[in-house]
Amino acid sequence: MDEKCPNCGAYLDPGRLQYAEEIRIKTEKTKENSYLVIKDTDDPVVQMFKQFVNWLRWSTFYGISVIYFVIVIVVVLYGLVML
């Protein structure tokens, strides 16, 4: 992935290197947005628990957002019907 030309020192496959760097940055950003940070040194059971808690947090957030969106649609439709 990060092999360089012995003559000029340029990367042999710069697209692949850039893609790997983007994936690394995305992974770090995902870890920052987590409620509980999952460390490599954690026990596998603890990692699974932290993943579950993070999933539960985000699913609750999106679930509540969907409920509010549905309420707004119902109120708008009710207002249109009552005209």
Side-chain angles (χ1 to χ4, degrees):
M1 171 175 63
D2 56 352
E3 296 174 355
K4 292 185 178 183
C5 175
N7 297 328
C8 65
Y11 288 105
L12 295 177
D13 193 3
R16 187 173 173 195
L17 181 67
Q18 181 182 1
Y19 177 75
E21 185 67 20
E22 290 173 0
I23 294 296
R24 185 188 63 79
I25 291 171
K26 183 179 176 183
T27 304
E28 288 179 7
K29 186 176 180 182
T30 302
K31 285 183 179 181
E32 289 175 1
N33 290 337
S34 296
Y35 183 67
L36 296 173
V37 177
I38 301 170
K39 300 176 186 171
D40 294 334
T41 58
D42 288 340
D43 194 31
V45 175
V46 174
Q47 288 181 352
M48 288 174 36
F49 174 74
K50 287 181 177 181
Q51 288 175 348
F52 175 74
V53 170
N54 289 335
W55 173 83
L56 187 64
R57 174 184 178 228
W58 285 111
S59 63
T60 303
F61 172 75
Y62 288 122
I64 291 172
S65 299
V66 167
I67 290 170
Y68 285 139
F69 184 70
V70 169
I71 289 172
V72 166
I73 290 175
V74 169
V75 167
V76 168
L77 290 176
Y78 181 75
L80 291 174
V81 169
M82 297 308 286
L83 284 176

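Every side chain to side chain contact (heavy atoms under 4.5 Å, CB included) that Gln47 has, sequence neighbours left out, goes to Ile38, Asp42.
Hydrophobic side-chain contacts under 4.5 Å tie Val45 to no other Ile, Leu, Val, Met, Phe, Trp or Tyr residue.
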Under 3.5 Å, which donor-acceptor pairs link side chains of residues 60-80 to any protein atom two or more places apart or in another chain?
| residue | atom | partner | partner atom | Å |
| --- | --- | --- | --- | --- |
| Thr60 | OG1 | Leu56 | O | 2.7 |
| Ser65 | OG | Phe61 | O | 2.9 |

